[in-house]
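Values below: all heavy atoms of this structure, side chains included; hydrogens, waters and symmetry mates excluded. Predicted, not measured: the structure shown is a model, and the values here were computed from it.
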Amino acid sequence: MYFWTHPFVELDYGAYSFAEASQLSELESRTFPIDEGKLVVPDASYLVEPVEGLWLLAIDGNVYFAGLKIWKLYQRRVLDSI
């Protein structure tokens with residue numbers, strides 16, 4: 001494996017370490033708080049170069065809050081920011 005990262009890690013490309021990236025790949029490192037920190041949701045998006053020259057991007061767009069009042073609030077905030 002040549003490269004792996006996700007949206008929640010700050011990269012220093014000059015000092016990139018796959019071993020460090022592996023440690024930061026844990027789901028706990030790939031979450032973000034919403035509703036003033038009352039709820040934490042994961043994001044499984046990542047960018048990887050498994051073999052030299054082949055780049056794969058996976059985007060996790062499936063964060064649902066069905067049935068929760070917070071979903072409508074979050075949806076309004078997102079739409080208002082566009």
Do Trp4 and Leu47 have side-chain heavy atoms sitting under 4.5 Å apart?
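Not in contact.
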Is any side-chain heavy atom of Phe3 closer than 4.5 Å to one of Tyr16?
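In contact.
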Does Ser45 have any side-chain contact (heavy atoms from CB on, under 4.5 Å) partners at least two apart in sequence or in another chain, and if so, which?
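Only Pro7, Asp43, Ile59, Asp60 meet the side-chain contact (heavy atoms from CB on, under 4.5 Å) criterion with Ser45.
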Glu52: what forms a side-chain contact (heavy atoms from CB on, under 4.5 Å) with it, not counting sequence neighbours?
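For Glu52, the residues satisfying side-chain contact (heavy atoms from CB on, under 4.5 Å) (neighbours in sequence not counted) are Tyr2, Glu49.
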Connected via hydrophobic side-chain network under 4.5 Å: Leu24 and Leu56
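Leu24 and Leu56: one cluster.
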